[in-house]
Amino acid sequence: MMRIFNTRTGVKEFFIPQDPFEVKVYVCGPTVYDLCHVGHARTYVNFDVLKRYLTSLGYNVIHVQNFTDIDEKIDHRAKKEGLSPREVAERFIMEYFFDMDSLNVTRATRYTKASEYVPKIIKITERLLELGYAYRSGDAIYFDVEGAGGFGELVRDLKSAIVDEVRASGKRGPFDFVLWRITGEGFESPFGRGVPGWHTECVAMSMDNLGEVLDIHWGGKDLIYPHHECEALIAKALTGKRFVKYWVHNEFVLLKGQKMSKSSGERAYIRDVLKRYSAEVLRTWILSSNYREKIEFSEESLRKAQLLYEKISRAATKARGNEGMGQCAKDYAELFMSALDDDLETGQALSVVEELSDRVLEGKIEGAWRIFSLVESVLGIKIRPH
RNA sequence: GCCAGGGUGGCCGAGCGGUUUAGGCGGCGGGCUGCAGACCCGCUACACUGGGGUUCGAAUCCUCACCCUGGCUCCA
(Lines give C-alpha, C1' and ligand atoms only; values in the text may rest on other atoms or scores of the structure.)
Protein backbone atom coordinates (compact mmCIF):
# COMPACT_ATOMS: atom_id res chain seq x y z
CA MET A 1 0.00 0.00 0.00
CA MET A 2 1.29 3.41 -0.88
CA ARG A 3 2.50 5.76 1.82
CA ILE A 4 2.40 9.52 1.51
CA PHE A 5 3.58 12.34 3.75
CA ASN A 6 0.66 14.26 5.18
CA THR A 7 1.53 17.85 6.14
CA ARG A 8 -1.29 17.85 8.68
CA THR A 9 0.13 15.01 10.76
CA GLY A 10 3.77 15.38 9.80
CA VAL A 11 4.26 11.68 9.07
CA LYS A 12 4.06 9.30 6.15
CA GLU A 13 0.65 7.67 6.19
CA PHE A 14 -0.85 4.78 4.31
CA PHE A 15 -2.91 6.16 1.49
CA ILE A 16 -6.55 5.11 1.76
CA PRO A 17 -9.00 7.19 -0.28
CA GLN A 18 -12.66 7.48 0.72
CA ASP A 19 -13.73 5.40 -2.26
CA PRO A 20 -11.60 2.30 -2.92
CA PHE A 21 -11.56 2.92 -6.66
CA GLU A 22 -11.58 6.67 -6.97
CA VAL A 23 -9.27 9.44 -5.79
CA LYS A 24 -10.48 13.01 -5.60
CA VAL A 25 -7.70 15.54 -5.94
CA TYR A 26 -7.59 19.28 -5.99
CA VAL A 27 -4.38 20.93 -7.13
CA CYS A 28 -3.73 24.62 -6.53
CA GLY A 29 -2.87 26.09 -9.88
CA PRO A 30 -1.00 29.29 -10.62
CA THR A 31 -2.08 32.89 -10.50
CA VAL A 32 -1.94 33.73 -14.17
CA TYR A 33 0.00 36.95 -14.52
CA ASP A 34 3.36 35.64 -15.67
CA LEU A 35 5.11 32.70 -17.32
CA CYS A 36 5.70 29.54 -15.37
CA HIS A 37 9.14 28.97 -13.91
CA VAL A 38 10.96 25.80 -12.90
CA GLY A 39 9.29 25.87 -9.47
CA HIS A 40 5.89 25.54 -11.10
CA ALA A 41 7.24 22.81 -13.32
CA ARG A 42 8.32 20.89 -10.27
CA THR A 43 4.95 21.09 -8.56
CA TYR A 44 2.96 19.96 -11.56
CA VAL A 45 5.41 17.35 -12.80
CA ASN A 46 5.59 15.75 -9.37
CA PHE A 47 1.85 15.69 -9.11
CA ASP A 48 1.66 14.28 -12.61
CA VAL A 49 3.80 11.34 -11.51
CA LEU A 50 1.60 10.75 -8.46
CA LYS A 51 -1.42 10.76 -10.74
CA ARG A 52 0.20 8.38 -13.22
CA TYR A 53 1.28 6.11 -10.39
CA LEU A 54 -2.15 6.00 -8.74
CA THR A 55 -3.67 5.34 -12.15
CA SER A 56 -1.25 2.47 -12.71
CA LEU A 57 -2.43 1.02 -9.38
CA GLY A 58 -5.96 0.99 -10.78
CA TYR A 59 -7.43 4.15 -9.25
CA ASN A 60 -9.61 6.48 -11.21
CA VAL A 61 -8.08 9.85 -10.38
CA ILE A 62 -10.34 12.87 -10.60
CA HIS A 63 -8.00 15.80 -10.88
CA VAL A 64 -9.39 19.29 -10.58
CA GLN A 65 -7.04 22.23 -10.93
CA ASN A 66 -7.70 25.94 -10.86
CA PHE A 67 -6.36 29.09 -12.38
CA THR A 68 -6.46 32.10 -10.10
CA ASP A 69 -7.53 34.74 -12.57
CA ILE A 70 -8.75 37.38 -10.12
CA ASP A 71 -5.75 39.13 -8.66
CA GLU A 72 -4.18 42.53 -8.28
CA LYS A 73 -1.01 41.40 -10.01
CA ILE A 74 -3.05 40.57 -13.08
CA ASP A 75 -4.61 44.02 -12.96
CA HIS A 76 -1.19 45.63 -12.69
CA ARG A 77 0.16 43.74 -15.64
CA ALA A 78 -2.95 44.54 -17.66
CA LYS A 79 -2.56 48.23 -16.95
CA LYS A 80 1.13 48.14 -17.83
CA GLU A 81 0.48 46.44 -21.17
CA GLY A 82 -2.73 48.26 -22.04
CA LEU A 83 -4.79 45.08 -21.97
CA SER A 84 -7.80 43.97 -19.99
CA PRO A 85 -7.17 41.74 -16.96
CA ARG A 86 -9.10 39.04 -18.74
CA GLU A 87 -6.77 39.18 -21.76
CA VAL A 88 -3.74 38.90 -19.52
CA ALA A 89 -5.23 35.92 -17.68
CA GLU A 90 -6.20 34.16 -20.90
CA ARG A 91 -2.78 34.66 -22.35
CA PHE A 92 -0.97 33.16 -19.37
CA ILE A 93 -3.41 30.27 -19.17
CA MET A 94 -2.41 29.46 -22.75
CA GLU A 95 1.25 29.82 -21.86
CA TYR A 96 0.73 27.49 -18.91
CA PHE A 97 -0.62 24.79 -21.20
CA PHE A 98 2.18 25.36 -23.68
CA ASP A 99 4.83 24.82 -21.00
CA MET A 100 3.14 21.90 -19.28
CA ASP A 101 2.36 20.13 -22.54
CA SER A 102 5.98 20.36 -23.53
CA LEU A 103 6.91 18.75 -20.21
CA ASN A 104 4.47 15.91 -20.91
CA VAL A 105 2.24 16.80 -17.95
CA THR A 106 -1.13 15.13 -18.44
CA ARG A 107 -4.17 17.35 -18.44
CA ALA A 108 -6.46 17.61 -15.43
CA THR A 109 -9.93 16.12 -15.51
CA ARG A 110 -11.20 19.66 -15.23
CA TYR A 111 -9.70 23.13 -15.04
CA THR A 112 -11.55 25.89 -13.21
CA LYS A 113 -11.19 29.63 -13.12
CA ALA A 114 -11.97 31.71 -10.07
CA SER A 115 -13.81 34.26 -12.20
CA GLU A 116 -16.37 31.63 -13.17
CA TYR A 117 -17.15 30.78 -9.57
CA VAL A 118 -18.07 34.20 -8.22
CA PRO A 119 -21.77 33.31 -7.64
CA LYS A 120 -20.68 30.22 -5.67
CA ILE A 121 -18.19 32.28 -3.71
CA ILE A 122 -20.90 34.79 -2.84
CA LYS A 123 -23.14 31.97 -1.70
CA ILE A 124 -20.44 30.64 0.59
CA THR A 125 -19.83 34.09 2.01
CA GLU A 126 -23.54 34.56 2.72
CA ARG A 127 -23.70 31.18 4.38
CA LEU A 128 -20.72 32.02 6.60
CA LEU A 129 -22.42 35.28 7.61
CA GLU A 130 -25.59 33.34 8.48
CA LEU A 131 -23.63 30.84 10.53
CA GLY A 132 -21.90 33.65 12.40
CA TYR A 133 -18.42 32.78 11.15
CA ALA A 134 -18.14 35.97 9.16
CA TYR A 135 -18.76 39.64 9.88
CA ARG A 136 -18.62 42.94 8.14
CA SER A 137 -16.17 45.64 9.14
CA GLY A 138 -15.49 48.69 7.05
CA ASP A 139 -15.23 47.78 3.39
CA ALA A 140 -14.83 44.09 3.83
CA ILE A 141 -16.41 40.85 4.96
CA TYR A 142 -14.01 39.00 7.24
CA PHE A 143 -13.81 35.45 8.41
CA ASP A 144 -13.75 35.12 12.20
CA VAL A 145 -10.80 32.81 12.78
CA GLU A 146 -11.11 32.57 16.58
CA GLY A 147 -14.86 32.06 16.34
CA ALA A 148 -14.35 29.13 14.01
CA GLY A 149 -11.94 27.42 16.37
CA GLY A 150 -8.70 29.04 15.29
CA PHE A 151 -5.85 27.78 13.17
CA GLY A 152 -4.17 24.49 13.76
CA GLU A 153 -4.92 22.24 10.79
CA LEU A 154 -1.46 22.76 9.31
CA VAL A 155 0.25 25.45 11.37
CA ARG A 156 0.77 25.48 15.11
CA ASP A 157 2.62 28.70 15.74
CA LEU A 158 2.77 31.95 13.86
CA LYS A 159 5.39 34.61 13.95
CA SER A 160 4.48 37.26 16.46
CA ALA A 161 5.48 39.95 13.99
CA ILE A 162 2.52 39.13 11.80
CA VAL A 163 0.15 39.49 14.73
CA ASP A 164 1.28 43.03 15.52
CA GLU A 165 0.93 44.12 11.96
CA VAL A 166 -2.53 42.73 11.44
CA ARG A 167 -3.91 43.89 14.77
CA ALA A 168 -3.85 47.48 13.62
CA SER A 169 -6.39 47.04 10.86
CA GLY A 170 -9.66 46.99 12.81
CA LYS A 171 -10.57 43.34 12.63
CA ARG A 172 -11.96 41.30 15.51
CA GLY A 173 -9.07 38.92 15.52
CA PRO A 174 -5.51 39.39 14.31
CA PHE A 175 -5.67 36.50 11.87
CA ASP A 176 -9.12 37.24 10.44
CA PHE A 177 -8.97 37.27 6.67
CA VAL A 178 -11.01 38.81 3.88
CA LEU A 179 -13.86 36.88 2.27
CA TRP A 180 -15.07 39.76 0.17
CA ARG A 181 -13.53 43.17 -0.36
CA ILE A 182 -15.88 45.96 -1.36
CA THR A 183 -14.04 48.11 -3.87
CA GLY A 184 -16.86 49.71 -5.82
CA GLU A 185 -15.73 47.90 -8.97
CA GLY A 186 -15.42 44.28 -9.97
CA PHE A 187 -18.20 41.79 -9.32
CA GLU A 188 -21.76 42.58 -8.22
CA SER A 189 -22.73 41.11 -4.87
CA PRO A 190 -25.28 41.58 -2.07
CA PHE A 191 -22.50 43.13 0.01
CA GLY A 192 -21.56 45.63 -2.65
CA ARG A 193 -19.42 45.60 -5.79
CA GLY A 194 -16.06 44.08 -5.12
CA VAL A 195 -13.74 41.08 -5.33
CA PRO A 196 -13.65 37.76 -3.51
CA GLY A 197 -10.89 36.64 -1.17
CA TRP A 198 -8.42 34.12 -2.50
CA HIS A 199 -9.11 31.32 0.00
CA THR A 200 -12.84 31.15 -0.64
CA GLU A 201 -12.23 30.74 -4.36
CA CYS A 202 -10.46 27.44 -3.92
CA VAL A 203 -13.06 26.17 -1.46
CA ALA A 204 -15.81 26.98 -3.95
CA MET A 205 -14.02 25.39 -6.90
CA SER A 206 -12.98 22.23 -5.11
CA MET A 207 -16.26 21.55 -3.31
CA ASP A 208 -18.34 22.23 -6.36
CA ASN A 209 -16.43 19.67 -8.41
CA LEU A 210 -15.33 17.12 -5.85
CA GLY A 211 -17.71 17.32 -2.92
CA GLU A 212 -17.19 18.25 0.70
CA VAL A 213 -14.19 16.05 1.43
CA LEU A 214 -11.13 15.75 -0.79
CA ASP A 215 -8.73 12.84 -0.71
CA ILE A 216 -5.66 14.83 -1.71
CA HIS A 217 -5.03 18.55 -1.80
CA TRP A 218 -1.75 19.20 -3.58
CA GLY A 219 0.24 22.39 -3.91
CA GLY A 220 3.54 24.14 -3.36
CA LYS A 221 4.81 24.43 0.18
CA ASP A 222 4.35 28.18 0.10
CA LEU A 223 0.60 27.68 0.16
CA ILE A 224 0.49 26.00 3.56
CA TYR A 225 0.04 29.30 5.31
CA PRO A 226 -2.15 31.20 4.93
CA HIS A 227 -3.93 29.75 1.91
CA HIS A 228 -4.50 26.13 2.86
CA GLU A 229 -4.89 26.84 6.54
CA CYS A 230 -7.68 29.30 5.72
CA GLU A 231 -9.30 26.98 3.20
CA ALA A 232 -9.46 24.24 5.80
CA LEU A 233 -11.10 26.57 8.30
CA ILE A 234 -13.70 27.84 5.84
CA ALA A 235 -14.60 24.34 4.70
CA LYS A 236 -14.86 23.05 8.24
CA ALA A 237 -17.12 25.97 9.16
CA LEU A 238 -19.38 25.17 6.20
CA THR A 239 -19.64 21.41 6.50
CA GLY A 240 -18.48 20.50 9.98
CA LYS A 241 -16.19 17.96 8.33
CA ARG A 242 -12.47 17.77 7.90
CA PHE A 243 -11.91 19.16 4.42
CA VAL A 244 -8.94 17.13 3.25
CA LYS A 245 -7.68 13.62 4.03
CA TYR A 246 -4.12 14.13 2.78
CA TRP A 247 -2.49 17.52 2.48
CA VAL A 248 0.55 17.15 0.28
CA HIS A 249 3.06 19.91 -0.35
CA ASN A 250 5.90 20.14 -2.77
CA GLU A 251 9.26 21.62 -1.71
CA PHE A 252 10.83 24.58 -3.43
CA VAL A 253 13.33 24.90 -6.19
CA LEU A 254 16.15 27.11 -5.02
CA LEU A 255 18.13 29.48 -7.14
CA LYS A 256 21.43 30.60 -5.65
CA GLY A 257 20.27 29.23 -2.35
CA GLN A 258 17.05 31.23 -2.32
CA LYS A 259 13.50 30.25 -3.08
CA MET A 260 12.62 30.88 -6.69
CA SER A 261 9.78 33.29 -6.32
CA LYS A 262 7.72 35.25 -8.75
CA SER A 263 7.93 38.39 -6.68
CA SER A 264 11.64 38.30 -5.77
CA GLY A 265 12.85 38.50 -9.34
CA GLU A 266 15.07 35.43 -9.17
CA ARG A 267 13.51 32.83 -11.42
CA ALA A 268 14.18 30.57 -14.36
CA TYR A 269 11.35 30.29 -16.83
CA ILE A 270 10.61 26.85 -18.18
CA ARG A 271 10.88 27.88 -21.79
CA ASP A 272 14.26 29.52 -21.25
CA VAL A 273 15.61 26.31 -19.77
CA LEU A 274 14.17 24.37 -22.71
CA LYS A 275 16.33 26.40 -25.06
CA ARG A 276 19.35 24.65 -23.61
CA TYR A 277 18.03 21.31 -22.40
CA SER A 278 15.34 19.01 -23.73
CA ALA A 279 12.03 18.67 -21.93
CA GLU A 280 12.94 15.07 -21.10
CA VAL A 281 16.11 16.25 -19.39
CA LEU A 282 14.26 18.89 -17.39
CA ARG A 283 11.71 16.29 -16.36
CA THR A 284 14.48 13.87 -15.40
CA TRP A 285 16.10 16.63 -13.39
CA ILE A 286 12.88 17.31 -11.49
CA LEU A 287 12.31 13.64 -10.79
CA SER A 288 15.84 12.89 -9.66
CA SER A 289 14.93 14.12 -6.21
CA ASN A 290 11.99 13.39 -3.99
CA TYR A 291 9.27 16.05 -4.07
CA ARG A 292 9.84 16.89 -0.39
CA GLU A 293 13.49 17.76 -0.81
CA LYS A 294 14.75 21.19 -1.67
CA ILE A 295 16.63 21.26 -4.91
CA GLU A 296 19.13 23.75 -6.18
CA PHE A 297 18.63 24.78 -9.76
CA SER A 298 22.07 24.78 -11.36
CA GLU A 299 23.78 24.04 -14.62
CA GLU A 300 25.75 21.33 -12.95
CA SER A 301 22.69 19.44 -11.74
CA LEU A 302 21.02 19.84 -15.15
CA ARG A 303 24.07 18.46 -16.93
CA LYS A 304 23.99 15.54 -14.58
CA ALA A 305 20.35 14.92 -15.42
CA GLN A 306 21.28 15.07 -19.07
CA LEU A 307 23.91 12.36 -18.62
CA LEU A 308 21.42 10.24 -16.75
CA TYR A 309 18.77 10.70 -19.39
CA GLU A 310 21.18 9.80 -22.17
CA LYS A 311 22.27 6.68 -20.38
CA ILE A 312 18.67 5.61 -19.84
CA SER A 313 17.77 6.23 -23.47
CA ARG A 314 20.79 4.29 -24.72
CA ALA A 315 19.89 1.35 -22.52
CA ALA A 316 16.21 1.59 -23.41
CA THR A 317 17.01 1.68 -27.10
CA LYS A 318 19.09 -1.43 -26.68
CA ALA A 319 16.35 -3.18 -24.71
CA ARG A 320 13.48 -2.09 -26.91
CA GLY A 321 11.40 -4.89 -28.31
CA ASN A 322 12.64 -7.43 -25.83
CA GLU A 323 9.50 -8.08 -23.81
CA GLY A 324 10.63 -11.10 -21.83
CA MET A 325 11.24 -10.54 -18.14
CA GLY A 326 14.02 -12.46 -16.49
CA GLN A 327 14.06 -12.75 -12.72
CA CYS A 328 16.66 -10.04 -12.50
CA ALA A 329 14.62 -7.58 -14.53
CA LYS A 330 11.58 -8.44 -12.42
CA ASP A 331 13.51 -7.55 -9.29
CA TYR A 332 14.34 -4.16 -10.75
CA ALA A 333 10.71 -3.58 -11.66
CA GLU A 334 9.70 -4.36 -8.12
CA LEU A 335 12.32 -2.00 -6.69
CA PHE A 336 11.13 0.72 -9.05
CA MET A 337 7.52 0.41 -7.98
CA SER A 338 8.30 0.13 -4.29
CA ALA A 339 10.32 3.34 -4.47
CA LEU A 340 7.26 5.17 -5.75
CA ASP A 341 5.11 3.39 -3.21
CA ASP A 342 7.17 4.98 -0.46
CA ASP A 343 6.08 8.59 -0.57
CA LEU A 344 6.75 8.92 -4.28
CA GLU A 345 10.53 8.51 -4.11
CA THR A 346 11.12 9.35 -7.74
CA GLY A 347 14.82 9.92 -7.15
CA GLN A 348 15.18 6.42 -5.86
CA ALA A 349 13.10 5.04 -8.70
CA LEU A 350 15.41 6.75 -11.17
CA SER A 351 18.50 5.39 -9.49
CA VAL A 352 17.01 1.92 -9.85
CA VAL A 353 16.60 2.66 -13.54
CA GLU A 354 20.15 3.97 -13.74
CA GLU A 355 21.56 0.82 -12.22
CA LEU A 356 19.46 -1.30 -14.54
CA SER A 357 20.67 0.77 -17.48
CA ASP A 358 24.27 0.06 -16.53
CA ARG A 359 23.54 -3.67 -16.42
CA VAL A 360 21.78 -3.54 -19.77
CA LEU A 361 24.60 -1.61 -21.42
CA GLU A 362 27.11 -4.07 -20.01
CA GLY A 363 25.03 -6.82 -21.59
CA LYS A 364 24.34 -8.48 -18.26
CA ILE A 365 20.57 -8.14 -18.40
CA GLU A 366 18.17 -8.59 -21.26
CA GLY A 367 14.45 -8.30 -21.58
CA ALA A 368 14.15 -5.18 -19.52
CA TRP A 369 12.04 -3.18 -21.95
CA ARG A 370 8.98 -3.34 -19.72
CA ILE A 371 10.79 -1.37 -17.04
CA PHE A 372 11.74 1.31 -19.53
CA SER A 373 8.13 1.43 -20.59
CA LEU A 374 7.30 2.17 -16.94
CA VAL A 375 9.72 5.09 -17.12
CA GLU A 376 7.65 6.39 -19.99
CA SER A 377 4.19 5.66 -18.62
CA VAL A 378 4.65 6.33 -14.89
CA LEU A 379 7.50 8.82 -14.73
CA GLY A 380 6.31 10.39 -17.96
CA ILE A 381 9.84 10.60 -19.34
CA LYS A 382 9.68 9.94 -23.06
CA ILE A 383 12.43 7.71 -24.36
CA ARG A 384 13.95 9.03 -27.55
CA PRO A 385 15.83 6.54 -29.68
CA HIS A 386 19.53 6.94 -29.11
C1' G B 1 9.53 30.55 18.39
C1' C B 2 7.26 26.92 14.86
C1' C B 3 7.80 23.46 10.61
C1' A B 4 10.82 20.64 7.30
C1' G B 5 15.58 18.83 5.99
C1' G B 6 20.82 18.27 6.48
C1' G B 7 26.27 17.34 8.50
C1' U B 8 29.87 11.42 3.57
C1' G B 9 36.66 11.56 0.37
C1' G B 10 39.33 18.45 -2.98
C1' C B 11 33.97 19.71 -4.40
C1' C B 12 28.79 18.09 -5.65
C1' G B 13 26.10 13.91 -4.39
C1' A B 14 24.07 8.44 -3.69
C1' G B 15 24.02 4.85 0.00
C1' C B 16 19.62 3.99 5.10
C1' G B 17 22.64 -2.84 9.17
C1' G B 18 27.47 -6.76 6.94
C1' U B 19 29.67 -8.38 0.44
C1' U B 20 33.80 -4.74 -5.08
C1' U B 21 31.45 1.03 0.22
C1' A B 22 27.39 4.58 -6.66
C1' G B 23 27.78 8.43 -9.98
C1' G B 24 29.47 13.19 -11.50
C1' C B 25 33.04 17.34 -11.31
C1' G B 26 38.08 18.04 -10.52
C1' G B 27 43.00 15.97 -10.71
C1' C B 28 46.60 12.46 -13.05
C1' G B 29 48.13 9.29 -17.30
C1' G B 30 47.09 7.76 -22.29
C1' G B 31 44.42 7.88 -27.24
C1' C B 32 42.83 11.29 -30.98
C1' U B 33 44.48 16.04 -32.59
C1' G B 34 49.57 20.92 -35.90
C1' C B 35 48.38 23.12 -30.36
C1' A B 36 44.13 23.51 -27.27
C1' G B 37 39.07 22.16 -26.52
C1' A B 38 35.44 18.52 -27.18
C1' C B 39 35.36 13.28 -27.26
C1' C B 40 37.19 8.18 -25.95
C1' C B 41 40.10 4.79 -22.54
C1' G B 42 42.44 4.03 -17.90
C1' C B 43 43.89 5.73 -12.98
C1' U B 44 42.93 8.56 -8.52
C1' A B 45 39.73 9.19 -2.60
C1' C B 46 39.01 2.42 2.20
C1' A B 47 35.45 9.27 3.66
C1' C B 48 31.10 9.24 6.76
C1' U B 49 30.17 16.20 12.94
C1' G B 50 30.96 14.60 18.38
C1' G B 51 29.58 11.64 22.73
C1' G B 52 26.69 7.46 24.56
C1' G B 53 23.58 3.09 23.36
C1' U B 54 21.51 -1.37 20.53
C1' U B 55 24.14 -5.34 17.66
C1' C B 56 28.47 -10.73 16.47
C1' G B 57 28.78 -6.24 13.19
C1' A B 58 26.59 0.93 12.10
C1' A B 59 27.77 6.21 7.70
C1' U B 60 23.21 3.32 7.96
C1' C B 61 18.87 1.98 14.00
C1' C B 62 18.04 4.62 19.18
C1' U B 63 19.61 8.73 22.24
C1' C B 64 21.95 13.33 23.82
C1' A B 65 24.76 17.29 21.96
C1' C B 66 26.84 20.73 18.56
C1' C B 67 26.67 23.00 13.85
C1' C B 68 24.28 24.18 9.09
C1' U B 69 20.22 25.20 5.34
C1' G B 70 15.38 26.58 3.85
C1' G B 71 10.39 28.33 4.89
C1' C B 72 6.81 30.89 8.13
C1' U B 73 3.52 38.73 3.90
C1' C B 74 1.66 37.66 -1.92
C1' C B 75 4.04 33.12 -3.97
C1' A B 76 4.08 26.33 -6.94
Side-chain angles (χ1 to χ4, degrees), chain A residues 5-12 27-48 65-68 71-74 76 96 99-100 105 151-152 154-166 169 175 177-178 197-199 202 217-230 247-268 270 286 288-296 298-308 310-311 339 342 345 347-348 350-355 357-359:
Chain A
F5 185 89
N6 189 344
T7 309
R8 184 174 68 79
T9 55
V11 293
K12 288 184 199 172
V27 176
C28 264
T31 301
V32 279
Y33 73 97
D34 197 10
L35 297 172
C36 287
H37 58 240
V38 179
H40 296 101
R42 187 179 193 199
T43 297
Y44 304 119
V45 165
N46 276 138
F47 176 71
D48 188 49
Q65 186 169 324
N66 74 295
F67 288 110
T68 302
D71 189 273
E72 280 185 0
K73 293 196 195 81
I74 299 173
H76 286 155
Y96 169 88
D99 287 333
M100 294 305 151
V105 172
F151 289 144
L154 302 171
V155 176
R156 258 138 257 138
D157 179 78
L158 295 167
K159 249 195 336 198
S160 52
I162 302 170
V163 180
D164 294 337
E165 190 183 319
V166 188
S169 69
F175 296 112
F177 53 88
V178 173
W198 179 32
H199 317 310
C202 278
H217 195 313
W218 182 283
K221 205 187 158 204
D222 40 6
L223 300 178
I224 294 174
Y225 180 81
H227 189 45
H228 289 166
E229 185 68 45
C230 293
W247 286 100
V248 190
H249 295 95
N250 206 101
E251 251 295 352
F252 299 137
V253 174
L254 308 178
L255 193 57
K256 293 175 197 154
Q258 296 290 311
K259 177 189 162 203
M260 190 181 293
S261 152
K262 284 198 277 196
S263 39
S264 79
E266 287 286 354
R267 73 202 75 175
I270 292 167
I286 289 169
S288 10
S289 60
N290 189 20
Y291 74 97
R292 285 198 302 127
E293 282 174 42
K294 287 184 284 281
I295 39 174
E296 177 73 30
S298 68
E299 288 301 317
E300 194 187 342
S301 60
L302 277 168
R303 262 185 264 121
K304 198 178 155 181
Q306 178 146 32
L307 289 171
L308 174 58
E310 283 168 4
K311 185 191 278 185
D342 180 18
E345 288 270 8
Q348 207 179 331
L350 270 175
S351 65
V352 169
V353 176
E354 179 170 17
E355 196 180 315
S357 300
D358 286 334
R359 297 292 96 78

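Note on naming: letters A, B, ... go to the chains in the order of the sequence lines (proteins, then strands), and numbering restarts at 1 for each one.
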>> Please give the distance between the P atoms of B/C25 and B/C41 as a whole number of Å.
In response: 12 Å

Strictly under 3.5 Å: I want the nitrogen or oxygen pairs between protein and nucleotides 5-7 of chain B, one per line.
| from | atom 1 | to | atom 2 | distance (Å) |
| --- | --- | --- | --- | --- |
| B/G5 | OP1 | A/Arg292 | NH1 | 3.0 |

> What does A/Phe252 touch in the nucleic acid at a heavy-atom separation under 4.0 angstrom: a base, only the sugar-phosphate, or nothing?
Replying inline: base

>> Please report the distance separating the C1' of B/G71 from the corresponding atom of B/G15, rounded so that it comes out in whole Å.
In response: 28 Å

> Distance between the C1' atoms of B/A47 and B/U21, in whole angstroms?
Replying inline: 10 Å

Distances under 3.5 Å between nitrogen or oxygen atoms of protein and nucleotides 18-24 of chain B:
| from | atom 1 | to | atom 2 | distance (Å) |
| --- | --- | --- | --- | --- |
| B/G23 | N2 | A/Lys304 | NZ | 3.4 |

> With a 4.0 Å cut-off on heavy atoms, is A/Glu251 in touch with a base, just the backbone sugar-phosphate, or nothing at all?
Replying inline: base

> Counting any heavy atom closer than 4.0 Å, what does A/Asp222 reach on the DNA or RNA strands: base, sugar-phosphate only, or nothing?
Replying inline: base

> Within this structure, what is the CD-to-C1' distance between A/Glu229 and B/G71, rounded to whole angstrom?
Replying inline: 15 Å

> Roughly, in whole Å, what's the span from CD1 in A/Ile295 to P in B/G13?
Replying inline: 12 Å

>> If you assign A/Thr9 and A/Ser289 each to the RNA chain B nucleotide with the nearest heavy atom, which residue ends up on the more 5' nucleotide?
In response: A/Thr9

> If you look at every strand shown and take non-hydrogen atoms under 4.0 Å, does A/Gly219 touch a base, only sugar-phosphate, or nothing?
Replying inline: sugar-phosphate

> A/Glu229 side chain to A/Gly152 main-chain N or O, any donor-acceptor pair under 3.5 Å?
Replying inline: yes

> How close or far is atom C1' of B/A4 from atom NE2 of A/His228, stated in whole angstroms?
Replying inline: 17 Å

> Within this structure, what is the CZ-to-C1' distance between A/Phe177 and B/C74, rounded to whole angstrom?
Replying inline: 16 Å

> With respect to A/Glu251, which candidate in A/Arg292, A/Lys294, A/Lys221 satisfies the side chain to side chain donor-acceptor pair (under 3.5 Å) definition?
Replying inline: A/Lys221

>> What's the gap between B/C35 and B/G42 when it is taken at their C1' atoms, as a whole Å value?
In response: 24 Å

> Relative to each other, are the rings of A/His199 and A/His227 parallel, tilted or perpendicular (30° and 60° limits)?
Replying inline: tilted

> Within this structure, what is the CG-to-P distance between A/Leu154 and B/G71, rounded to whole angstrom?
Replying inline: 19 Å

> By side chain to side chain donor-acceptor pair (under 3.5 Å), which residues pair with A/Tyr291, not counting sequence neighbours?
Replying inline: A/Asp343

> Base, sugar-phosphate, or nothing: which does A/Val253 touch, judged by heavy atoms less than 4.0 Å apart?
Replying inline: base

> Roughly how far apart, to the nearest Å, are B/C11 and B/G18 at atom C1'?
Replying inline: 30 Å

>> Return the CG to OG1 distance between A/Asp48 and A/Thr43, rounded to the nearest 0.5 Å.
In response: 12.5 Å

>> Please give the distance between the C1' atoms of B/G1 and B/U8 as a whole number of Å.
In response: 32 Å

> Just how far is it from atom CG of A/Leu223 to atom CG of A/Asn250, taken to the nearest 0.5 Å?
Replying inline: 10.0 Å

>> I'd like to know if A/Lys73 and A/Asp34 make a salt bridge, using a cut-off of under 4.0 Å between side-chain N and carboxylate O.
In response: no

> If you round to the nearest 0.5 Å, how far is CD of A/Glu345 from CG of A/Asn290?
Replying inline: 4.0 Å

> In chain order, what residues pass the side-chain contact (heavy atoms from CB on, under 4.5 Å) check against A/Ile295, with sequence neighbours excluded?
Replying inline: A/Arg42, A/Val253, A/Trp285, A/Ser289

> Just how far, in rounded Å, is C1' of B/A14 from CD of A/Glu345?
Replying inline: 12 Å

> If you round to the nearest 0.5 Å, how far is CG of A/Asn6 from NE2 of A/His217?
Replying inline: 12.5 Å

>> Please report the interatomic distance OG1(A/Thr31) to CD(A/Glu72), rounded to the nearest 0.5 Å.
In response: 11.5 Å

>> Please report the distance, rounded to the nearest Å, between CE in A/Met260 and P in B/U69.
In response: 20 Å

> Hey, what do you get for OH (A/Tyr44) to CD1 (A/Ile270), rounding to the nearest 0.5 Å?
Replying inline: 9.5 Å

> What residues form a side-chain contact (heavy atoms from CB on, under 4.5 Å) with A/Thr7, not counting sequence neighbours?
Replying inline: A/Leu154, A/Ile224, A/Trp247, A/His249

>> Between B/C12 and B/U20, how many Å separate the two C1' atoms, rounded to a whole number?
In response: 23 Å

> Can you tell me which stems RNA chain B forms when a stem means 3 or more consecutive Watson-Crick or G-U pairs under 3.5 Å?
Replying inline: B:1-7 with B:66-72, B:10-12 with B:23-25, B:26-31 with B:39-44, B:49-53 with B:61-65

> For atom P, what is the distance between B/C43 and B/G23, given to the nearest Å?
Replying inline: 11 Å

> B/C12 C1' sits how many Å from A/Leu308 CG, rounded?
Replying inline: 16 Å

